[in-house]
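In what follows, a single structure is set out as structure tokens and then discussed.
Along the sequence shown, residues carry numbers from 1. Predicted, not measured: the structure shown is a model, and the values here were computed from it. Below, all heavy atoms of this structure are taken into account, side chains as well, without hydrogens, waters or symmetry copies. Order of appearance sets the numbers: ligands from 1, and atoms from 1 within every ligand.
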Amino acid sequence: MTQALRLGIAGLGTVGVGVVKIVRRHADLLQARTGRPVQITAVSARDANKDRGVNLSDYAWETDPVSLAKRDDVDVFVELMGGENGPAKASVEAALASGKDVVTANKALLAIHGQELAEKAEAAGRVIRFEAAVAGGIPVIKSLTEGLAGNEITRVMGVMNGTCNYILTRMQSQELGYNALFEECAQLGYLEADPNLDVGGIDAAHKLALLSSIAFGTKPNFNGIEIEGIQQISLDDIHQAHDMGYRIKLLGVAQRTARGLEQRMQPCLVPSDSPLGQLEGGTNMVVLDGDAVEQIVLRGPGAGEGPTASAVMGDVCDLARGLHIPTFGRPAASLEEAKPAVTGLPAPYYLRLGLQDKPGALAKVASILGDAGVSIDRMRQYGHAESTAPVLIVTHKTTRATLDVALEGLRDTDVIAGEPVALRIEEV
Ligand code: NAP
Ligand code: HSE
């Protein structure tokens with residue numbers, strides 16, 4: 001019989017258990033598709049006594065994931081613990097040094113250490129696969145590295161964090177508060193171990209850094225991404241955006257410009273009737289623009305046990321078939337430094353300000369915006385019970401740098417209460 005591909009799985013949480021279930025449920029299917037049996041030989045997690053709802057008795061147990069990574073009866077090390085350092089990094093390095101390929105769902109690890117690990121993998125003649133790290137069940141990395149390999153990619157854009165999209169759409173449809181929605185996300189298994197990674201936009205930015213690297217042939221540059229989370233978005237913003245024909249989404253955009261590589265992950269207003277505007281719940285969407293294909297839109301579940309395990313198994317099957325594509329789609333040594341674009345492309349902005357309800361306050365705001373070179377397109381002040389009046393402004397196109405000058409001026413006046421909210425209105 002053809003030799004089996006033997007997996008060692010470190011991490012038996014949401015994703016790890018999902019992988020065990022697929023390997024057990026689809027043993028025949030996996031063999032039929034790859035031409036060889038796919039088996040688990042050993043597993044690791046912190047608590048050996050936890051009931052995980054799957055039968056693990058056939059597999060050797062290792063308390064230390066580094067030991068698991070070095071085992072002779074493991075061909076592919078599957079890292080599903082998470083964390084950008086610690087046992088995840090140590091065990092991936094140990095696996096590569098022991099001559100094993102690696103499959104991981106860990107975007108934090110690769111966004112920060114991807115270049116170094118890709119170089120280590122290539123030096124060892126191995127690969128790191130990470131389809132599950134970006135947009136859950138959507139095969140976006142496969143699309144970029146394989147299906148679109150004949151294109152120059154001009155832009156990567158998308159909603160890549162299920163938790164944030166779930167919270168933002170349920171705020172809209174159910175009028176529910178942030179805390180209740182956050183709890184629902186935890187129940188659904190969407191949240192990172194540190195949920196601030198989700199709502200702070202960091203998890204989605206990790207994913208953008210990885211896509212950007214593959215799309216543009218640059219070293220992953222997480223620190224070059226402009227990041228804002230969704231914590232400051234209020235029900236009021238959701239309603240106002242809706243009234244103007246928009247939805248608020250945590251949107252990632254990466255594109256090459258004459259000024260360098262623009263990468264941003266921010267809450268933005270997108271038209272309600274656009275595919276991105278209509279994206280509901282924990283679903284993710286990635287829009288890829290290429291010079292030959294023009295545009296493709298990929299949509300699917302961005303998190304959770306089944307979808308993420310599905311992506312892990314796609315990588316495992318490729319390895320079982322002998323497909324070895326370099327980690328970021330081309331040799332690590334050929335990846336260029338990503339020069340961050342200094343000023344983003346201009347766009348209209350939505351501003352929400354808490355204005356002191358006193359004579360001359362609005363005039364002061366208009367003059368600060370005008371002095372900074374920000375032109376007002378629309379403005380609305382609406383009903384209020386207290387001494388602070390909410391004011392909404394939609395600007396004409398301006399750069400974020402110009403807007404930041406205006407926001408600084410607004411913060412320095414005595415007519416604004418609280419922090420101004422500024423959201424880009426994105427053409428999608
Ligand atoms: P999780 O449910 O928190 O599971 C983590 C697992 O790792 C647990 O089984 C834990 O053991 C184990 N673990 C943690 N530290 C360990 C250590 N030092 N030694 C051995 N085992 C250790 O996490 P998850 O949601 O499955 O996520 C795993 C990875 O997939 C992360 O990188 C995450 O970002 C990524 N990811 C998750 C999703 C998702 O929808 N959940 C989607 C895409 C990507 P115990 O169970 O014994 O505590
Ligand atoms: N916490 C992530 C999300 C999991 O909500 O999208 C998938 O990466």
Practice prompt. Could you tell me the separation between the CE atom of Met157 and the CG atom of Leu288, rounded to the nearest 0.5 Å?
Written response: 9.5 Å

Fill in: Thr104 side chain near Val312 side chain, heavy-atom distance below 4.5 Å
no

Worksheet entry | Whether Asp315 side chain and Phe130 backbone form a donor-acceptor pair below 3.5 Å | yes

Discussion item. Using a strict threshold of under 4.0 Å (side-chain N to carboxylate O), is an ion pair present between Glu62 and Lys70?
Written reply: no

Worksheet item: Partners of Gln295 by side chain to side chain donor-acceptor pair (under 3.5 Å), sequence neighbours excluded?
Response: Asp289

Worksheet entry | Proximal protein residues to ligand 1, non-hydrogen atoms under 4.0 angstrom | Gly11, Leu12, Gly13, Thr14, Val15, Ser44, Ala45, Arg46, Asp47, Lys50, Arg52, Pro65, Leu80, Met81, Gly82, Pro87, Ala105, Asn106, Lys107, Ala132, Gly189, Glu192, Ala303, Gly304, Thr308

Worksheet item: Taking any residue with a non-hydrogen atom under 4.0 angstrom from an atom of ligand 2, which ones do you get?
Response: Lys107, Asn161, Gly162, Thr163, Tyr190, Glu192, Asp198, Asp203, Lys207, Gly302, Ala303

Worksheet item: Is the shortest distance from a Lys or Arg side-chain nitrogen in Arg129 or Asp318 to a carboxylate oxygen in the other one below 4.0 Å?
Response: yes

Worksheet item: Does the Arg36 side chain pair with the main chain of Gln3, one donor and one acceptor, at a distance under 3.5 Å?
Response: yes

Fill in: Salt-bridge present (Glu228, Arg424; N to O < 4.0 Å)
no

Donor-acceptor pairs under 3.5 Å, side chain of residues 299-307 to any protein atom, not counting sequence neighbours: which ones?
| residue | atom | partner | partner atom | Å |
| --- | --- | --- | --- | --- |
| Glu305 | OE1 | Lys21 | NZ | 3.4 |
| Glu305 | OE2 | Lys21 | NZ | 2.8 |

